[in-house]
2 protein chains.
Amino acid sequence: MKEGPDIAQLGALIGDPARANMLTALMAGGALTASKLAAEAGVTVQTASSHLKKLESADLLIQRKQGRHRYFALADDDVGALLETMMGLAARRGLTRTRTGPKDPALRKARVCYNHLAGELGVALYDGLLASAMLDEVDGEPVLTEAGRERMMQFGIDLAALETQRRPLCRSCLDWSARRTHLAGSLGQTLLSRFESLGWARREAASRVVHFTERGETELLATFCRQDQNSHGNRSQRIMRDT
Amino acid sequence: MKEGPDIAQLGALIGDPARANMLTALMAGGALTASKLAAEAGVTVQTASSHLKKLESADLLIQRKQGRHRYFALADDDVGALLETMMGLAARRGLTRTRTGPKDPALRKARVCYNHLAGELGVALYDGLLASAMLDEVDGEPVLTEAGRERMMQFGIDLAALETQRRPLCRSCLDWSARRTHLAGSLGQTLLSRFESLGWARREAASRVVHFTERGETELLATFCRQDQNSHGNRSQRIMRDT
DNA sequence: TTCATACTTCGATGCTAGTCGAAGCATAAG
DNA sequence: CTTATGCTTCGACTAGCATCGAAGTATGAA
C-alpha cells in the first residue's frame, strides 16, 4: 500500500528478546565478543551468531575481528539514540522485564546510560546540583548556573571546549530504575569520565554497571550534593538509600 | 539476566508489518477508525482489531468511542517522536519497503511528516528558504535570519507566540523519499497549517498525502523559493521535478 | 421490531522465525 | 603436527503468532 522506510523491519530486529538483550548490553558504548553477547542474551553461541549476522547486515552493529575473537559494537550514535528513546518510552509505559538478575542491585545503584551516569547516584548528582544551585531548570531543560560553571572548572572540566561542540552541554534523561531525571549531555558524559580518571569509579568490563569506591561515592556527594551550599535546597528530596 | 525497560516488547509491537502500517498511518496526527486502519494495513478487520487491542494495552494508542465508530490515535507525542526516530534511521539504513502502492507519487510529492510538510515540496521549501537567505544553517541547525523573520511575519506567522514555546522554532528533519532535509519545529508546523488555511493545500482524509492546488504550489514557490532574492543562491540545487 | 453497520471474540489453520545439536572453518598455543 | 578455542553454517524441530471465517455484541436507522 505504502512505500518508504520500513519501521517494521527495524522494530522486528529490536523486537526479539535475544537481540534486544544484546543491543542493551552494547548501549554502554563498548565492544563485546560474540560469546559474551550470547551469554548476555541467554542463548547459545549458534543462535547468537545468527542474530548478530542479522543485526550487522542491517547496519545496526559493526564487527571488528581481532585474533580469533569478533568484537561487536553499535554501528552508530544514531543506533544508541534510538535505543535510548525506546528505553525511555518503554519505562514510561511500564513495559519492564520480569525476570531479574544478580547484577540488579549494582545496576540500580550506578550504571552507564549510553555514556553518562545513571542510577541512584546519577539522580543524586542531578538533585544535588539543583539543590546547591549549580544547576537550574528553565522550561524543563537543565542549565548550568554561574556558580555551577565555576565549580565545574575547579573540578577540571574544560567547559570552553565542551561549549564549542554541537551537542548540548546539559540535557536531562529519564531514569528507568528510579523514576527521576539524571544529567546527560556533553557535561554528563565528561563528568563520568572524570570520575573514572580520578579513581572514584570504574566500569565493570562487559556490563553497564559502574562501581564506585567508598571514597569515590563520599567525594561525589561532598563535591556536588552538599545541601548547605548557597541555597536552602529543599527543592529536592533526599533519595540516596531508598531501596 | 537483566532488569529494566523492555525494548523487545516495544520493538515487537512495532515490528509487525500490519501494526507498523497502522502506526505510520497515524503519524499524521489524526485519528482513524478501526476499519480505515485495517484497510491501510491491508488486513481484515478482525486482524486489525486484534492488533489495535495490543497497541492500546501497551499505551501506544488511545481509543475514542463515537457512536458505533472507534477512533484510534497515537497516545502521545512521545510515540510520534519514537516513530519519527525509527523512520529516520530506517531511511538512512536503506530499510525500505519494496511493494509500492498507488498513492506513492502523491506521497512523494507532498505529505505530512508528523505535523509539518515533507516530500519534494517540503525540501523545495527548505532549499528555497536557504537560497533566499531567509534561513541559515549554523552547526547544522537551521536558524531564521532577520530577512526570514520579516517575511514570516508578513506571511501571517505569529513568531512572537511561537518563540515563547519550549519547542524549538526551527529544526531540520531528514526526508526519506528525497534524501534531503525539510523544515520541522514549531515554524514548520505553523507554516503547514497556514498553507491549509490559505487554501493552498489540503490534507487527504485518512492518509499522509497533502494535495497542493495549482495556484498553491505556484504561490509557495514564489513566496519562499525565489532564487533571485538577496543572495546569489547557488547553495542549493534545484530539485523540484527530479523523479 | 427489524435490518444494517462497526467492531470484537472465538477457533482453527498455517507459516515464519527462533532455537539448538552436530559438524565445519579459522586462529592460536604447545 | 595436535589440541583448544571462538565462531559460523547446516538442518531439523517447535512454538508462537498473525491470519481469516464464523459467530457474537453494540450502536444507529427505519
Side-chain angles (χ1 to χ4, degrees), chain A residues 1 6-26 31-58 60-73 95 97-99 205-206, chain B residues 1 6-26 31-58 60-73 95 97-99 205-206:
Chain A
M1 288 300 190
D6 202 350
I7 289 186
Q9 289 182 48
L10 246 190
L13 280 172
I14 306 175
D16 176 76
R19 285 194 291 262
N21 284 337
M22 297 179 181
L23 292 169
T24 305
L26 291 171
L32 299 178
T33 66
S35 17
K36 190 75 193 175
L37 286 169
E40 283 281 334
V43 294
T44 62
V45 283
Q46 308 95 302
T47 308
S49 178
S50 150
H51 287 310
L52 290 169
K53 189 177 177 182
K54 291 179 187 176
L55 290 172
E56 194 191 359
S57 55
L60 295 186
L61 296 185
I62 49 175
Q63 196 190 31
R64 180 167 47 88
K65 292 187 66 169
Q66 186 169 306
R68 51 184 167 183
H69 297 275
R70 304 215 175 170
Y71 286 89
F72 291 86
L95 298 174
R97 194 158 317 169
T98 44
R99 54 174 175 157
Chain B
M1 291 299 191
D6 201 351
I7 290 186
Q9 290 183 46
L10 246 190
L13 280 171
I14 306 176
D16 177 77
R19 286 193 291 261
N21 285 336
M22 295 178 181
L23 291 169
T24 305
L26 290 170
L32 299 178
T33 65
S35 16
K36 191 74 194 175
L37 286 168
E40 284 281 334
V43 293
T44 61
V45 283
Q46 307 96 302
T47 308
S49 178
S50 151
H51 288 309
L52 290 169
K53 189 178 177 181
K54 291 179 187 176
L55 290 173
E56 194 191 0
S57 54
L60 295 185
L61 296 185
I62 49 175
Q63 196 190 31
R64 180 168 48 87
K65 293 186 64 168
Q66 186 170 305
R68 50 185 165 181
H69 297 274
R70 304 214 176 171
Y71 285 89
F72 291 86
L95 298 174
R97 194 156 317 169
T98 44
R99 54 174 176 155

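Values in this document were obtained by computation on a predicted structure and should not be read as measured data. Proteins come first, then strands; the chains are lettered A, B, ... in the order of their sequence lines, and each starts at number 1.
Residues L10(B) and L60(B) meet the side-chain proximity criterion, which asks for heavy atoms closer than 4.5 Å. Contact check for R64(B) versus R70(B): no side-chain heavy atoms found under the 4.5 Å cut-off. You'll find the side chain of T33(A) reaches within 4.5 Å of the side chain of H69(A), heavy atoms only.
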Under a 4.0 Å heavy-atom criterion, the protein footprint on nucleotides 19-24 of chain C, written with B, S and -, is SBBB--
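One can place CG of L32(B) at 15 Å from P of dA6(C), the figure rounded to the nearest angstrom. What separates CD of Q9(A) from C1' of dT16(C) is a distance of 15 Å, to the nearest Å. To the nearest angstrom, P of dT8(C) lies 12 Å from CG of L55(B). Look at NZ on K54(B): it is 19 Å from P on dC7(C), rounded to the nearest Å. The distance between atom CG of L52(B) and atom P of dT9(C), rounded to the nearest whole Å, is 11 Å. Whole-Å rounding puts the I14(B) CD1 to dA18(D) P distance at 14 Å.
The backbone N or O of K53(A) sits less than 3.5 Å from a side-chain atom of S57(A), completing a donor-acceptor pair.
Put simply, the residue from L23(A), L55(A), L26(A) that forms a side chain to side chain contact (heavy atoms under 4.5 Å, CB included) with L37(A) is L26(A).
At dT9(D), one or more side-chain N or O atoms of K53(A) fall inside 4.0 Å of OP1 or OP2 (strictly under the cut-off).
When the side-chain hydrogen bond (donor to acceptor under 3.5 Å, both in side chains) test is applied to T47(B), the partners found at least two apart in sequence or on another chain are T44(B).
Interface residues of residues 61-70 of chain B facing DNA chain C, ordered by number: Q63(B), R68(B), H69(B), R70(B); criterion, heavy-atom separation under 4.0 Å.
Residues A41(B) and A18(B) come closest through the heavy atom pair CB-O, 3.5 Å. Contact between R19(B) and L13(B) at its shortest, heavy atoms only, is NE-O, 2.7 Å.
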